[in-house]
Amino acid sequence: MSSAPVATRSHASSRSASLPVAPWLLMAPFLFGVILFTLVPLLSSVHLSTRQTFGPEFSTNVGTGNFQFLASDPLFWTALRNTVIFTLGSVLIQLPLSLLLALALNRPNLRGRTFFRVSLFSPVLVGVVFVGMIFAVIFDKRTGLINRALHATIGWDIDFPWLESYIMPSLVIATTWQYVGFNMVYFLAALQNVSAELGEAAMLDGANAWNRFRHVILPAIMPVGTFVVLLSIIGSFQLFELPYILLNGTGGPQNRGLTLVMYLYQTGFQTGDLGYASAIGWVMALILGACAIGQRIISKRGERA
Amino acid sequence: RTERSSAARMWTFARLHYSMYEPAVEEWNKTGEPKVELSLLGIQAVEQRMLSSFLTRKSGAELMEIERRIASRAFAGPLDGVGFLDLTDRIKAEGLDQKINASSFTPWSTRGRIFGLPHDVHPVMLGYRADMVEAAGIDVSKIETWEDFITVLSPLLYDADGNRRTDRYLLNMWETHMDTIEVLLLQAGGGAVDPDGMPMLDNDANARVMAHIAAWSHGKNRIAADAPYFSASGNRLLLDGFVVASFVPDWMCNVWRNEIPQLGGKVKLMPLPSWERGGRRTSVWGGSMLGISRDAENHDQLWEFAKHLYLSPELSRELYTKGDIISPVKEFWSDPMYDKPDAYFSGQAPGRMYINLAGDVPPRYSSPFSVLAVERLRTVASRLATYAKAQGDATPESLLPEAKRLLIEAQDEVMEHARRNRFITPAEGEGS
Amino acid sequence: MTALSYAFVLIATLLILTPFVWLIIASFKTNEDFFTSTFLPTNGGIFDIAWDRLTFRNYVEVFNQPNFARALLNSVMLSSVTAVLATLACAMAGYTLALLSFRGRTAVTWLVLAALIIPPPLLIAPGFQVLFELGLLDSLWGLILPAITPAFGVYLFRQSAISSVPKELIEAARLDGCGEIRTFFTIVLPLLRPTVSAFVMITFLGTWNNFLTPQIVMQSPGGFPLSVAIAQLKNTYYQDYGLLMAGTMVSIAPVAALFLIMQRDFVSGLTRGAVKG
Amino acid sequence: MASLAIDSVSKVYPGRVGVVDRLSLDIPDGCFCVLLGPSGCGKSTLLRMIAGIETITSGEIRLDGQVINNWHPRDRDVAMVFQNYALYPHLSVRDNIGFPLSMRRVPRADIAKRVDHAAQMLQLVELLDRRPSQLSGGQRQRVALARAVVREPRIFLFDEPLSNLDAAMRLRTRAELKQLHHRLRVSSVYVTHDQEEAMALADLVAVMAQGRLQQVAPPLDVYERPANRFVASFVGSPPMNFIAARLVPESGGVHTLSTEIGISARAVLAMPGVTPDVVLGIRPTAMRIAPATSGLAESKGGTMATMIESIEPLGELMDISLRCGTQHIIARVASDRSLKTGQSVALTIDLDKSHLFEPGPMGPRIEATLSCASQQHTAPKADQNTSQNTSQNTRSPSHESSHAILS
Amino acid sequence: MASLAIDSVSKVYPGRVGVVDRLSLDIPDGCFCVLLGPSGCGKSTLLRMIAGIETITSGEIRLDGQVINNWHPRDRDVAMVFQNYALYPHLSVRDNIGFPLSMRRVPRADIAKRVDHAAQMLQLVELLDRRPSQLSGGQRQRVALARAVVREPRIFLFDEPLSNLDAAMRLRTRAELKQLHHRLRVSSVYVTHDQEEAMALADLVAVMAQGRLQQVAPPLDVYERPANRFVASFVGSPPMNFIAARLVPESGGVHTLSTEIGISARAVLAMPGVTPDVVLGIRPTAMRIAPATSGLAESKGGTMATMIESIEPLGELMDISLRCGTQHIIARVASDRSLKTGQSVALTIDLDKSHLFEPGPMGPRIEATLSCASQQHTAPKADQNTSQNTSQNTRSPSHESSHAILS
Ligand SMILES: Nc1ncnc2c1ncn2[C@@H]1O[C@H](COP(=O)(O)OP(=O)(O)OP(=O)(O)O)[C@@H](O)[C@H]1O
Ligand SMILES: Nc1ncnc2c1ncn2[C@@H]1O[C@H](COP(=O)(O)OP(=O)(O)OP(=O)(O)O)[C@@H](O)[C@H]1O
Ligand SMILES: [Mg+2]
Ligand SMILES: [Mg+2]
């Protein structure tokens with residue numbers, strides 16, 4: 001059926017008349033899982049977002065009330081601001097670093113690649129709980145590694161209040177530490193699609209390192225690249241556990257460490273209003289949706305090639 | 001479907017508790033019904049499972065030992081929406097309200113109903129570096145109020161390396177450390193929520209305390225510094241004598257004992273300085289309860305078990321010997337073990353000292369808004385601190401108006417949320 | 001150029017490793033030293049370091065934890081099953097979305113994206129309910145099934161299939177008599193190998209370190225994986241940090257080994273020489 | 001083994017109409033059909049549509065009478081050599097070749113045997129354990145070819161399968177393919193740009209241009225009786241020379257042909273009534289060159305005086321380009337070192353190997369017999385016959401192409 | 001523009017020795033050198049080493065006397081057409097062609113101009129805005145070619161640049177390349193399998209086999225004076241026929257040549273003292289066939305009686321394979337429909353176009369003049385001369401190759 005001329009001509013990449021059943025077979029496990037464990041719960045949360053609840057039997061319809069309140073809820077805006085700051089920070093700092101590392105480690109002639117690769121990846125091996133612990137020690141005011149190191153070297157303020165006034169930067173540093181190697185692995189995998197031949201051709205055409213990156217490597221890793229960007233935007237937006245642990249369950253001073261998901265969690269569980277929580281969740285989803293669409297558009301361009 | 005074993009499940013979040021309960025549970029399982037199955041969970045896990053099971057009315061545990069901050073989250077809805085069994089009548093009927101230290105009930109009470117059996121009292125004292133104080137020839141018995149505290153101990157403030165940054169402070173407290181702030185608020189008779197569970201941030205007590213805290217840590221003559229509790233660096237600073245005195249609830253003794261053995265014999269305890277002469281000399285920090293799930297069958301048997309576990313003399317002994325925690329059950333207080341001098345605290349008998357203060361422990365009420373309100377208080381504290389820094393030579397008096405303003409602002413914000421809650425109206429609060 | 005990247009990588013590695021050094025050393029320290037010395041306990045033997053104060057006690061303790069072996073076994077079981085199933089499910093779906101054309105492809109792609117952007121806490125309570133209704137609570141499947149279809153995995157495979165599987169190869173395979181399923185296993189999977197091993201690694205890790213969900217889904221302590229056992233070393237009143245760190249180290253070891261085995265696959269030129277043009 | 005019918009099939013790529021345009025072609029069972037056509041005329045696309053890896057925009061493809069438009073490639077049981085190899089990079093050469101067999105559950109031993117045989121036939125034996133990335137271009141191409149010929153499919157599709165092989169290897173492989181075809185008699189469609197190859201292999205040659213079929217006929221006919229000017233110029237190298245000419249009618253179908261370059265002839269047309277303006281087509285190989293006897297011989301009949309502009313030696317033969325008035329003419333003759341550039345020579349044309357076309361790049365051929373102006377002549381039977389069986393051979397397509405040409 | 005010197009260069013792939021083996025080749029400034037050789041003999045590898053994208057295992061490559069072994073490809077300023085195109089998939093055809101220029105900071109306007117020019121020359125104009133994935137094989141190849149020729153590098157490297165083009169297009173492009181070369185005079189190395197192409201383009205032809213150089217000489221010489229049997233059989237299609245023969249010495253360097261198939265001749269050797277057992281090489285194009293006068297004509301001298309085994313028509317020409325005793329002989333003659341399979345014919349051989357070789361697949365050619373046994377004959381001066389300038393033309397290589405052949 002999918003090979004009916006009309007159906008496929010409209011299809012940009014019409015490749016073959018593939019049996020209609022095969023695709024669904026291949027996707028069955030995924031669909032099963034996503035429907036059962038995402039869609040179903042999700043629908044109930046859609047319903048929830050128009051209500052104010054406490055548990056199943058206590059729930060009244062507030063229509064768009066949740067969203068209206070959200071708009072005027074200073075906590076929400078703080079959370080949003082923090083989250084966006086964090087997201088920008090980690091996307092703009094972490095990913096470029098990961099890519100650079102991947103490029104460096106992809107050089108065949110680099111000695112000790114394995115060691116570097118393993119070392120750089122190792123932070124992911126540690127559970128977030130311990131990352132919290134470690135960085136509590138690192139960010140401490142008087143005794144923290146950072147402050148002491150910087151104090152010793154550049155006379156930095158030994159009482160610099162990382163986890164009080166500069167929570168988001170601290171979080172960016174911590175997550176970068178943990179995930180720079182992780183994203184590097186994605187990029188390493190992606191770099192395998194770069195055709196050696198094209199690199200050679202580019203050299204002959206007089207392309208310098210940058211141009212080779214720009215015209216040979218980048219296009220080849222674009223699909224995965226955009227994916228990693230999207231993923232870390234989403235990941236950053238859902239930042240929760242690390243601050244939850246670092247700030248033991250609170251939003252930190254003046255809620256400087258309050259993230260959207262943390263707020264969602266607080267309202268949803270700590271004050272038991274799943275309705276309001278769902279509303280927050282949906283606003284998040286909308287924002288991320290926008291990013292996703294953007295990513296699709298970009299990577300579409302890549303796929304044409 | 002999960003095959004629900006006939007045994008009743010009980011969750012606890014503290015390894016110490018777990019080890020203490022095991023014998024008691026075994027003993028109960030010999031004769032008692034239903035059999036109880038004790039399991040240890042991370043505190044975060046307990047919280048999520050409790051809430052999930054309450055919210056979905058599904059597959060919780062029959063018995064849950066809950067830490068205070070978490071417990072309050074179960075009280076978000078209308079009274080008959082609370083997941084815990086209402087124990088008020090049972091407690092009153094059996095006169096437990098007389099038997100047990102009154103203030104211990106408050107955290108598990110909302111709108112006049114009690115939902116948990118208290119586990120502890122947790123009075124707070126000041127733990128101070130006796131060695132330094134005595135070396136300076138200072139007599140702490142002169143201290144009665146916070147003013148005294150400052151005047152008496154101020155000689156200890158000094159700048160070791162002459163870099164015009166003080167290297168020893170009097171009090172271990174910080175505007176960001178909500179626990180200690182709450183300790184002081186409660187001591188002064190303030191707090192986050194009133195007995196009806198309604199936010200009450202904008203009272204004079206709160207304002208006064210806030211003003212002081214800000215002044216202490218950023219004002220003209222600063223006495224407070226931050227040696228974070230429960231952290232390596234904090235302990236390090238205590239060892240170095242960066243701060244002289246810290247807030248020490250009974251359980252904290254146990255923490256110090258284990259984490260900073262080096263302080264043994266160097267520290268002593270004293271009652272908190274009061275806010276005005278003759279005022280309250282203690283406060284409260286932390287605490288947990290045992291709750292019974294409303295959805296459990298056989299409530300009565302579980303209630304029996306709860307009492308068997310919590311009110312037993314063995315437990316009270318365990319609590320003190322293993323965890324330095326005094327029992328909430330008044331009749332055990334006569335136990336001589338509390339008088340045993342403690343080498344770690346230079347021969348003092350902490351047990352007795354805490355028990356003497358237990359009666360004064362201030363009440364602290366729980367409500368769906370506790371978390372929110374406390375968060376707000378924290379924000380106020382930190383805003384006020386910023387204000388103080390800006391002011392330069394701030395004093396409690398100079399900060400008071402700003403403190404009031406901020407608190408009122410905070411109060412309004414929390415009320416915003418409170419008014420939103422269709423399930424708890426102030427009216428209903430009075431209702432019960 | 002090489003020198004430059006060398007310097008860059010070296011610095012990065014150093015920065016990354018410092019906290020680790022701290023962690024490792026901490027795992028050999030007594031509680032006392034943990035709180036009073038940043039790295040190695042000072043004023044003692046060589047380099048003014050009290051070597052003799054370092055101890056294996058923590059590790060011994062960890063291994064003496066009640067049903068530690070059981071927990072380890074659970075973890076291995078849980079993580080490997082999850083990783084394998086998840087990789088298969090995601091790779092299949094990803095490849096389908098990338099290279100097969102069928103009606104409804106766009107719809108499914110959007111579904112994936114949608115699933116991708118759902119904040120997990122939004123689903124905690126409803127998810128719990130679903131698990132309960134399906135009677136999956138307190139069973140390993142309750143942990144595995146929800147974990148084998150992460151949208152991000154599907155999307156990852158979709159993207160890397162687009163760039164690393166020349167469509168000519170799929171066509172050739174079809175002509176050579178491969179059904180779509182065969183094609184996937186004989187042609188696509190090998191070509192996606194770098195991504196596959198990366199993803200296996202990532203899923204395995206995620207499961208291995210996840211200590212919260214198991215405590216919510218599993219009811220009886222017998223089913224707890226290592227992560228929980230380690231997390232439970234945490235105390236409420238005071239912490240035995242040395243023990244915790246030792247626990248962490250122990251829990252890291254197996255995954256580290258796995259990574260060592262797999263990391264080679266992240267770099268292995270593949271599609272070369274496939275087609276001309 | 002099967003008969004393949006392509007019935008007014010079209011392919012439209014997004015924004016590109018007429019890549020393949022209402023093309024019809026019947027390939028009887030066991031026929032070896034060679035596709036010729038300029039680069040980009042749609043040959044590969046056609047093959048890919050037959051294979052089922054490219055969707056058919058409109059029209060039908062029938063295999064033994066069954067419409068297979070929507071069949072999965074696997075079920076069509078065709079074997080194809082891709083223009084760009086499409087080898088499996090992760091498999092050894094051996095596994096690449098054996099792949100289609102193992103997919104069809106051929107027993108291991110069998111596979112090994114057939115793979116070895118194919119490897120021998122294409123001299124890949126010592127490469128069997130390499131990866132494609134370790135092969136040279138020609139070796140890759142041979143692997144691709146081997147992967148196709150290990151099978152015994154219903155249809156073979158070859159897309160320039162020998163383009164990267166050296167002359168000797170190409171000759172040998174060509175012979176092998178011919179044998180293979182004789183043995184198996186599998187209907188095959190074969191794309192090539194090497195006309196010698198086409199001539200050597202084809203039962204039927206199909207010439208395409210711009211997505212349309214221009215002529216379908218046995219190899220020699222395409223060469224000797226091109227359906228139109230395009231085919232004439234495309235088949236045969238160097239391409240045919242074209243000279244504008246005029247037909248002046250005489251008695252009974254006989255005309256006099258005159259060109260501005262001085263060549264004149266008698267033309268007997270098979271059917272009367274054509275435009276006076278025509279184009280005379282002369283193959284470079286249908287000319288003889290002799291040193292001019294006098295300084296400048298006068299042109300008469302099939303012979304004319306001219307001058308050598310340049311010479312391109314090609315071993316045995318050489319291409320001589322000559323200036324005739326305004327026009328250049330290329331002649332290919334046996335190499336003869338005595339001829340020099342600038343020398344004036346006498347050029348003689350084999351009139352009976354020359355053709356007349358209607359004007360225009362696709363102008364159809366005019367069935368006619370040319371002869372030297374002097375002697376008498378009538379169209380011989382033989383010609384009639386062959387022309388008969390040509391048009392018969394290519395009935396349905398010729399409709400097509402004439403369509404194409406008219407529209 | 002530069003002179004290129006390859007000095008006993010070798011390439012060893014992991015586990016594969018002798019891919020390129022101590023190969024030396026001098027390409028004077030402005031020389032157009034065509035590389036011929038069987039599939040997998042190391043042509044592309046050699047080109048890639050010159051370009052600097054393949055490491056050199058041993059030996060030196062010099063550009064204008066400078067050793068460039070370790071130069072970065074960018075600095076060598078060579079333009080290369082890759083055997084498999086290597087187009088940038090994400091760039092339009094226009095940008096693909098313009099890429100090398102924009103990399104070299106050529107002003108925009110300039111680029112546009114030169115791209116358009118190249119596109120015209122290769123008929124890519126209407127494809128300029130497409131992506132490579134939307135092109136046909138031949139179109140891709142032309143884009144690859146265009147990307148090389150927009151530049152004016154010091155060296156051009158072409159790796160089978162026309163293999164996927166149709167005859168007409170190939171002819172045209174060939175002419176364009178020739179013009180380009182005449183205009184720019186950039187030294188070029190050109191790999192092809194099309195010998196007509198080689199003949200047409202080359203100043204110098206280098207024949208490779210198994211990683212070694214077999215002969216370097218001007219095109220015609222390679223054809224007419226192959227250095228050894230390999231070259232003889234490789235160059236020219238269909239390949240030369242080889243017939244075992246014996247030399248019986250007579251007076252003064254004159255020998256009688258006798259073959260078992262009955263052909264005999266007089267051989268005048270340039271230098272005396274060779275093995276009696278030799279191989280007679282006859283080009284298929286150096287034979288004439290006439291219907292046998294009597295039922296079976298007796299063989300004598302250059303002529304012999306034989307029978308047609310099979311006929312392969314090729315338009316203008318046809319290949320006839322003949323049985324001579326145990327041996328098959330291929331003859332390529334003008335097509336003549338009167339000849340039929342099984343018919344017995346008289347085969348005449350152009351002895352002066354035939355060659356003698358020492359035995360063995362690489363047996364060097366024996367400088368000799370053959371003539372019909374009957375008439376008297378002495379080696380003519382002309383031959384001497386040409387043989388002179390051959391060996392002179394190819395001094396340094398011929399050392400090499402003889403090396404190669406001996407070792
Ligand atoms: N990466 C490699 N590893 C091992 N052997 C290789 C590798 N690349 C090429 N070869 C071998 O080296 C030899 C020369 O390869 P090359 O590509 O130069 O041949 P070629 O002369 O270009 O052949 P063709 O005309 O088919 O392109 C071939 O036999 C090939 O098998
Ligand atoms: N994906 C595509 N999108 C648009 N046009 C395409 C696409 N693929 C091919 N074409 C165009 O279709 C026409 C036919 O392509 P095809 O590959 O069939 O040519 P071909 O006859 O095989 O040429 P060649 O002999 O060079 O291989 C070409 O003009 C090409 O530009
Ligand atoms: Mg093609
Ligand atoms: Mg090659």
Side-chain angles (χ1 to χ4, degrees), chain A residues 8-16 99 103-104 106-111 187 190-229 295-305, chain E residues 44 47-55 71-93 95-106 111 129-135 143-159:
Chain A
T8 42
R9 202 184 315 165
S10 64
H11 228 303
S13 57
S14 72
R15 273 177 196 114
S16 103
L99 182 53
L103 287 170
N106 202 40
R107 305 172 141 271
N109 52 0
L110 191 84
R111 224 185 255 92
F187 284 122
L191 281 173
Q192 300 319 303
N193 309 329
V194 180
S195 126
E197 199 102 38
L198 281 187
E200 295 162 350
M203 281 195 226
L204 290 183
D205 291 343
N208 55 25
W210 162 248
N211 284 321
R212 283 207 299 286
F213 172 78
R214 167 98 175 50
H215 292 287
V216 178
I217 297 177
L218 203 55
I221 66 173
M222 201 44 157
V224 177
T226 53
F227 164 77
V228 176
V229 172
Q295 184 269 2
R296 285 282 286 151
I297 293 166
I298 296 171
S299 67
K300 261 265 181 350
R301 268 205 247 101
E303 290 163 34
R304 290 269 166 281
Chain E
S44 302
L47 257 54
R48 293 165 56 78
M49 286 193 289
I50 298 173
I53 53 185
E54 196 81 73
T55 54
W71 284 23
H72 187 281
R74 194 168 67 247
D75 311 328
R76 302 186 181 202
D77 189 19
V78 297
M80 176 164 176
V81 180
F82 285 72
Q83 189 168 7
N84 48 10
Y85 318 155
L87 304 177
Y88 306 108
H90 64 292
L91 295 183
S92 69
V93 168
D95 299 344
N96 261 284
I97 301 176
F99 191 76
L101 299 179
S102 50
M103 285 307 114
R104 292 192 155 63
R105 304 222 170 22
V106 177
I111 295 181
D129 294 320
R130 296 238 203 114
R131 290 283 182 84
S133 59
Q134 301 175 310
L135 297 181
V143 175
L145 188 52
R147 188 176 61 188
V149 296
V150 276
R151 289 174 52 193
E152 291 188 16
R154 296 173 71 182
I155 304 261
F156 272 124
L157 303 174
F158 302 96
D159 199 344

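Only a predicted model underlies this, so the values are computations on that prediction, with no experimental measurement involved.
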**Report entry** Note, Asn211(A) side chain near Ser102(E) side chain (heavy atom, < 4.5 Å)
**Finding:** no
Requested in this report: Please state whether the side chain, the backbone, both or neither of Arg151(E) comes within less than 4.5 Å of a heavy atom of chain A.
Outcome: side chain
Query raised in the report: Checking heavy atoms, do the side chain of Ala202(A), its backbone, both or neither come under 4.5 Å from chain E?
Result: both
Query - Partner set under side chain to side chain contact (heavy atoms under 4.5 Å, CB included) for Ala104(A), not counting sequence neighbours - result: Ser5(C), Val9(C)
Query raised in the report: Taking side chain as C-beta onward, heavy atoms only, is Met222(A) less than 4.5 Å from His90(E)?
Result: no
**Report entry** Nearest heavy atoms of Ile53(E) and Glu200(A), plus distance in Å
**Finding:** CG2-CB, 3.7 Å
Report summary line: If you tally heavy-atom pairs under 4.5 Å between each of Met80(E), Glu54(E), Arg74(E) and chain A, the highest tally belongs to Arg74(E)
Query - Part of Ala79(E) within contact of chain A (heavy atom distance under 4.5 Å) - result: neither
**Report entry** Centroid-centroid under 6.0 Å between His215(A) and Tyr88(E) rings
**Finding:** no
**Report entry** Pairs where residues 201-229 of chain A contributes a residue and the test salt bridge (Lys or Arg N to Asp or Glu O under 4.0 Å) is met, not counting sequence neighbours
**Finding:** Asp205(A)-Arg147(E)
Query - Shortest non-hydrogen contact from Pro73(E) toward Leu204(A) - result: CB-CD2, 4.0 Å
Report summary line: Value for CD (Glu197(A)) from CG (Leu87(E)), rounded to nearest 0.5 Å, stands at 10.5 Å
